There are 2 protein chains.
Amino acid sequence: MARPRMFDEAAVLDAAAREFRVHGFAETSTERLCEAAGVRRSSLYNTFRSKDDLFVRALEHYVSTIARLQAAILEDEALPGAERLLSLVDLVISEEREAAERGHAAGCMVVQSLMSPNLRARDERVARLLDRDLRARTSLLEGAIRAGHLDGTVSPALGPGDGAMLVNTVISGLRVTAQTGADAGTLRRIAVAGLRSLLG
Amino acid sequence: MARPRMFDEAAVLDAAAREFRVHGFAETSTERLCEAAGVRRSSLYNTFRSKDDLFVRALEHYVSTIARLQAAILEDEALPGAERLLSLVDLVISEEREAAERGHAAGCMVVQSLMSPNLRARDERVARLLDRDLRARTSLLEGAIRAGHLDGTVSPALGPGDGAMLVNTVISGLRVTAQTGADAGTLRRIAVAGLRSLLG
DNA sequence: CTGGTTTTGGATATTCAAGTACAGAAAGGT
DNA sequence: ACCTTTCTGTACTTGAATATCCAAAACCAG
């Protein structure tokens, strides 16, 4: 019927997310995006309406990738609740370590976006996306915490709601602290200390 | 001898920091900065060499303002160690609440800058500034924690070094979580839970 | 007053990035 | 084989943002 695409949309979104993470939205030119993705401008603009749209799609892609990994851990019925939380922390730490080793320090795209009021104000979709992501992760965390309450590995001192927020807050904090050059071992000690209220 | 300046340098830095916080570095035009500060372009460029330099100065200004407030709390000999840490948390929470109430959500400039790899890569001075700030705050925190160890209000489970990093991490996390719209009461509960290893 | 020095205002280069236009290429159903 | 449809490459337009230039103004020492 028509000429097929010569590139993989998901691969472009991956490359775009990487560039945005490393250089930030405003300082990533479309030319850079093209180079990084190995695609010409018209293809980009043909597939994604604008730089803004591409960013939204890339963030969406990034978020859903991360979310999938986290869900696999947090819903793993084979693990007791507390272990799920610790595995999540380890996942985050290894993500940060990887990013740090890859040369440019590139923090988590979600935290970056949350800390860029402009991005959220400029595009309603970004705000909604981040909000949805937060809700989804919170709900996963609540599930794991409830499981921990039942199997006795998570202290009942905190309810699932506050517990989930605590985990979220500690993880965000870790992602910031990681940018200061802290090594994986230190990050893990801090995380365990921060989750003391849950882990007992 | 020469024509005197018609504006206050510190006021300009204040206004600039506010704009940078709300809109981010790249998306704050020099025109906006001029308007916000009530100063003409040539005055800006005459006083501060470039937009980059102005940003560095503004960040410096912001950091030293915050640091002064925090030092006053953390070195307050009248307070036991644990109270100092809690007061610091309350200070942070009230900063975030104020920012949130002022319309545009504008997160902490330090966390914002830490999460913008580009900013740090682009200007060595920003990286150094953030590093110095981290070190200074860490050292203040260690002092307060040591004081708490001595007066018995802070658990010796964590050493001063790890304790300081924990507080820093929790505070950064709070500053991110604040951007998701959490209210002051919730933030405080989370903070107390996160600092359990020190306070408990 | 006056000369020297710095600031100020406004206008103006200069650069650069986002997005568009359009012609031609690659399918593939009919 | 043809014709419709979508993709691709290049060149261009347009707009905006940083930075500079220069003349006029303000100040003060001598």
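In what follows, every heavy atom counts, from backbone to side chain, and hydrogens, waters and symmetry copies are set aside. Chain identifiers are assigned alphabetically (A, B, ...) following the order of the sequence lines, protein sequences preceding nucleic acid strands; residue numbering begins at 1 within each chain. In this text, all values refer to a predicted model and were calculated from it rather than measured experimentally.
In this structure, A:S87 contributes its side chain and A:E83 its backbone to a donor-acceptor pair below 3.5 Å.
Distances shorter than 4.0 Å separate none of the side-chain N or O atoms of B:T30 from OP1 or OP2 on D:dA17. Between D:dA17 and B:S29, no contact under 4.0 Å exists linking OP1 or OP2 to a side-chain N or O. Considering only side-chain N and O atoms, B:R5 lies nowhere under 4.0 angstrom from the phosphate OP1 or OP2 of C:dT6.
Comparing A:S43 and B:P4, the nucleotide of DNA chain D nearest to each residue sits closer to the 5' end for A:S43. Of the two residues contacting DNA chain C, namely B:S42 and B:A2, the nearest-nucleotide position lying further toward the 5' end is that of B:A2.
Residue A:F48 contributes atom CZ, which lies 16 Å from atom P of C:dA18 at whole-angstrom precision. Counting to the nearest Å, the P atom of C:dG10 and the CG atom of B:N46 are 16 Å from each other. Distance NZ (B:K51) to P (C:dT14): 21 Å, rounded to an integer number of Å. Taking atom CG of residue B:L44 and atom P of nucleotide D:dT18, one finds them 11 Å apart after rounding to whole Å. The separation between A:R40 atom CZ and D:dA11 atom C1' is 13 Å, rounded to whole Å. With rounding to whole Å, B:M6 atom CE is found 14 Å from D:dA25 atom P. Distance B:E27 CD to C:dA17 P: 15 Å, rounded to the nearest Å. Summarising the geometry, the separation between CZ on A:R32 and C1' on C:dA18 is reported as 16 Å, rounded to the nearest angstrom.
Under a 4.0 Å N-O distance rule, the pair B:R57/B:D53 does not qualify as a salt bridge. Between B:R84 and B:D76 there is no salt bridge, since none of the side-chain N atoms of the basic residue sits less than 4.0 Å from a carboxylate O of the acidic one. Looking at B:D14 and B:R18, no side-chain N of the basic residue comes within less than 4.0 Å of a carboxylate O on the acidic one, giving no salt bridge. For A:D52 and A:R125, the salt-bridge test fails: no basic side-chain N is under 4.0 Å from an acidic carboxylate O.
The same ILVMFWY cluster, assembled from side-chain heavy atoms under 4.5 Å apart, contains both A:V110 and A:L13. The hydrophobic cluster containing B:M109 also contains B:V12, counting ILVMFWY residues as joined when their side-chain heavy atoms lie under 4.5 angstrom apart, directly or transitively.
A heavy atom lying under 4.0 Å from DNA chain D marks none of the residues of residues 52-61 of chain B. Near-neighbour residues of DNA chain C inside residues 10-20 of chain B, defined by a heavy atom below 4.0 Å, are absent.
Within the nucleic acid shown, A:F7 comes within 4.0 Å of sugar-phosphate atoms alone, with no base atom in reach, counting heavy atoms only.
Using a 3.5 Å distance cut-off with no hydrogens or angles, the side chains of B:T186 and B:D183 do pair a donor with an acceptor.
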Under 3.5 Å donor-acceptor pairs involving side-chain atoms of residues 35-45 of chain B, not counting sequence neighbours:
| from | atom 1 | to | atom 2 | distance (Å) |
| --- | --- | --- | --- | --- |
| B:R41 | NH2 | B:T30 | OG1 | 3.1 |

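Taking the six-membered ring where tryptophan is involved, the planes of A:F20 and A:F25 are essentially parallel, since the angle between them stays under 30° and well short of 60°.
At a cut-off of 3.5 angstrom, counting only N and O atoms as typed in the model, there is a donor on one side and an acceptor on the other between the side-chain of A:R3 and the base of D:dC7.
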